[in-house]
Undergrad: 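My structure is below; once you've seen it, I'll send some questions.
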Protein chains: 2
Amino acid sequence: MNPSDLSAPTSPAGVDLSRENGVALWKQIQQVLEAEIAQGIWPPGEKLPTEFQLAERFDVNRHTVRRALSGMEEKGLLRVEQGRGIFVHEHVIDYMVTKRTRFTENLRRQNRSTDGKFLFVEMEGASEKVAKALGLREGDPVICCAKVSYADGRPINVSETYFSAVRFPGIEDVLRECESITEALQRCGVRDYTRKSTRVIARLPSQADADHLRQPRNRPVLVTEGLDVDEQGRPVSFGASRWASDWVQIVFES
Amino acid sequence: MNPSDLSAPTSPAGVDLSRENGVALWKQIQQVLEAEIAQGIWPPGEKLPTEFQLAERFDVNRHTVRRALSGMEEKGLLRVEQGRGIFVHEHVIDYMVTKRTRFTENLRRQNRSTDGKFLFVEMEGASEKVAKALGLREGDPVICCAKVSYADGRPINVSETYFSAVRFPGIEDVLRECESITEALQRCGVRDYTRKSTRVIARLPSQADADHLRQPRNRPVLVTEGLDVDEQGRPVSFGASRWASDWVQIVFES
DNA sequence: CCCTATTTGTTCGTATGTATC
DNA sequence: TGATACATACGAACAAATAGG
């Protein structure tokens, strides 16, 4: 190591850990690091020193540091990314799901800026799943609207939303002109719609989804499938989303 | 390979793929495999031949097979486990979350046998999160009831449920005697309770959770945190669960 | 595209102290 | 006292993902 590095200490001074008070070393390390995060010494989003550097600082084995870090990761305080490093976790976004779930409105209420980018809007034949949800037959024409949604400039969601091309003729063009799906549906005569059911699973993302969400492929995503219905209970749209689970938690209020 | 292996063919006979009809080879392979799964040639839970064996069977490169398989995995037809193999996905369990969510009742309705195993029931000091949810102060005494729940003999859920030790004196012993938490609460004077909110995230499991759920550590789990309240709206219990996301999808009905 | 360095993830083996039977 | 189990801590090696040239 270059001596000039000493002028830019990347971590607080050495800490004395007691090896005789009966408290496990890894627990003491976790306490110290949690306190430092709480004090803002390591602000949200900041990269922590490497496991090796932390091991040097506390004068313990790397395994001992890892034990402390894994406890903090489970608490949601850290995000550990293989090959990149360890990061202090930013505050996650609560995405509230209620009967009346609207993406933009939802995040605005949490003082998040929102943005969206259409990937494509096109007509295709309904898959078995889409057909079943919308009450159509497999192969019936549907409009698929694929987009990536952002909060505070970070991609948090990749989605495809399907509409019956028969029920909503011309929605293809309307969607391309509108900012939000709610707006497009209103222009197509749907004054109001509500969420009927939402299905949630967790899995690892496809390469394409990982790219869109700018996350590694070994971090899981939340996958949701939701069906929206109009005031008469008829299906309006079926949406499939992948959420960056490191940044979003989905909250269902009854 | 031992010649006797030939007497136990593990896969259907060779299939002719057309290289001239403009349909990508991997799509043709996917069609064939999906048809075979639909026909029950590869029943749910069955291990498929290795990628190499499939490549030999279709006389293509292993990467071509992988392309087909990855499409099927995204559809949820397969489950790929690094180092173990490729398995036909069993039908997943729909765990319905409504205002009145009861574990056993919920799964019985889907003709699933249920079982549970208590890991421990003990008193501890409330963490910040638990205290906040139950309306207590950090360190206040709470009873933690940890269990693993099974459906059809497969572990699908690891959970800890917390109760105020002040509000429910003696629940520690009642829990140990009861089969279900609903029953224990009834014995403690809670006639009815409803789910107020449920929070969902996805992450990779801890070693302990992976062991309980009998799944590899690189398969994600669904993590839910739910708050139950009594008829007066007072918090009754706070539960934190990890779900084997390969076997369960959580469905919220509004 | 390959190659290398960095960093985290995983799995061995070993040793020690403590609690329990 | 021994036998056993368990948690803790260290060391070494290798695997896997990332980033940069």
Undergrad: Whole-Å distance between dT18(D) C1' and Glu51(A) CD?
TA: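 One finds 15 Å between C1' of dT18(D) and CD of Glu51(A), rounded.
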Undergrad: Looking at CD of Glu225(B) and OG of Ser159(B), how far apart are the two atoms once the value is rounded to the nearest 0.5 Å?
TA: 12.5 Å
Undergrad: Between protein and nucleic acid, restricted to nucleotides 19-21 of chain D and to nitrogen or oxygen atoms under 3.5 Å apart, what atom pairs and distances do you find?
TA:
residue, atom, partner, partner atom, Å
dA19(D), OP1, Arg84(A), NH1, 3.3

Undergrad: Closest approach of Val248(A) and Tyr95(A), non-hydrogen atoms and distance?
TA: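 What the structure gives for the nearest pair is CG1-CB, 3.8 Å.
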Undergrad: Take the protein atom CZ of Arg214(A) and the nucleotide atom P of dT18(D), then report the distance between them rounded to whole Å.
TA: 16 Å
Undergrad: Starting at CG of Asn218(A) and ending at C1' of dA16(D), how long is that distance when rounded to a whole Å?
TA: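 That distance rounds to 9 Å.
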Undergrad: To the nearest angstrom, how far is Glu73(A) atom CD from dT8(C) atom P?
TA: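 After rounding, the gap between these two atoms is 12 Å.
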Undergrad: If only side-chain N and O atoms count, and only distance matters, is there a donor-acceptor pair under 3.5 Å linking Arg108(A) with Thr114(A)?
TA: yes
Undergrad: Would one find a side-chain N or O of Arg217(A) under 4.0 angstrom from OP1 or OP2 of dA17(D)?
TA: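 Negative; the distance criterion is not met.
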Undergrad: Rounded off to whole Å, could you give me the CD1-to-C1' distance for the Ile86(A) and dT8(C) pair?
TA: 8 Å
Undergrad: Using atom CZ of Arg66(A) as one end and atom P of dT7(C) as the other, report the distance to the nearest whole Å.
TA: 14 Å
Undergrad: May I have the step-by-step check of salt bridge (Lys or Arg N to Asp or Glu O under 4.0 Å) for Arg219(A) and Glu73(A), ending in yes or no?
TA: CA-CA 13 Å; Arg219(A) 307 288 308 170; Glu73(A) 193 193 11; 3.7 Å; yes
Undergrad: Heavy-atom distance under 4.5 Å between the side chains of Phe168(B) and Val236(B), does that happen here?
TA: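 Yes, at least one pair of side-chain atoms sits under 4.5 Å.
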Undergrad: Does the pair Glu160(A) and Arg242(A) meet the rule for a salt bridge (Lys or Arg N to Asp or Glu O under 4.0 Å), with working shown?
TA: CA-CA 9 Å; Glu160(A) 294 94 36; Arg242(A) 277 78 61 204; 2.7 Å; yes
Undergrad: Using side-chain heavy atoms (C-beta onward) and a distance below 4.5 Å, is Leu69(B) in contact with Ile29(B)?
TA: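 No, side chains not in contact.
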Undergrad: Do you know which two heavy atoms are closest between Ala68(A) and Trp26(A), and how far apart they sit?
TA: CB-O, 3.4 Å
Undergrad: Which of these passes side-chain contact (heavy atoms from CB on, under 4.5 Å) with Gln215(A): Pro205(A), Ser245(A), Pro220(A), Pro155(A)?
TA: Pro205(A)
Undergrad: Which atom pairs link the protein and nucleotides 6-11 of chain D when you take only N or O atoms and keep those under 3.5 Å?
TA:
residue, atom, partner, partner atom, Å
dT8(D), OP2, Arg67(A), NH1, 2.7
dT8(D), OP2, Arg67(A), NH2, 2.7
dA9(D), OP1, Leu25(A), N, 2.4
dA9(D), OP2, Leu25(A), N, 3.3
dA9(D), OP2, Trp26(A), N, 3.4
dC10(D), OP1, Arg19(A), NH2, 2.6
dC10(D), OP2, Asn61(A), N, 2.9
dC10(D), OP2, Thr64(A), OG1, 2.5
dG11(D), O6, His63(A), NE2, 3.0

Undergrad: For Arg219(B) and dG9(C), give me the distance from atom CZ to atom C1', rounded to whole Å.
TA: 18 Å
Undergrad: Would you mind reading off the distance between Glu56(A) atom CD and dT7(C) atom C1', rounded to a whole angstrom?
TA: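 The distance from CD of Glu56(A) to C1' of dT7(C) comes to 14 Å, rounded to the nearest Å.
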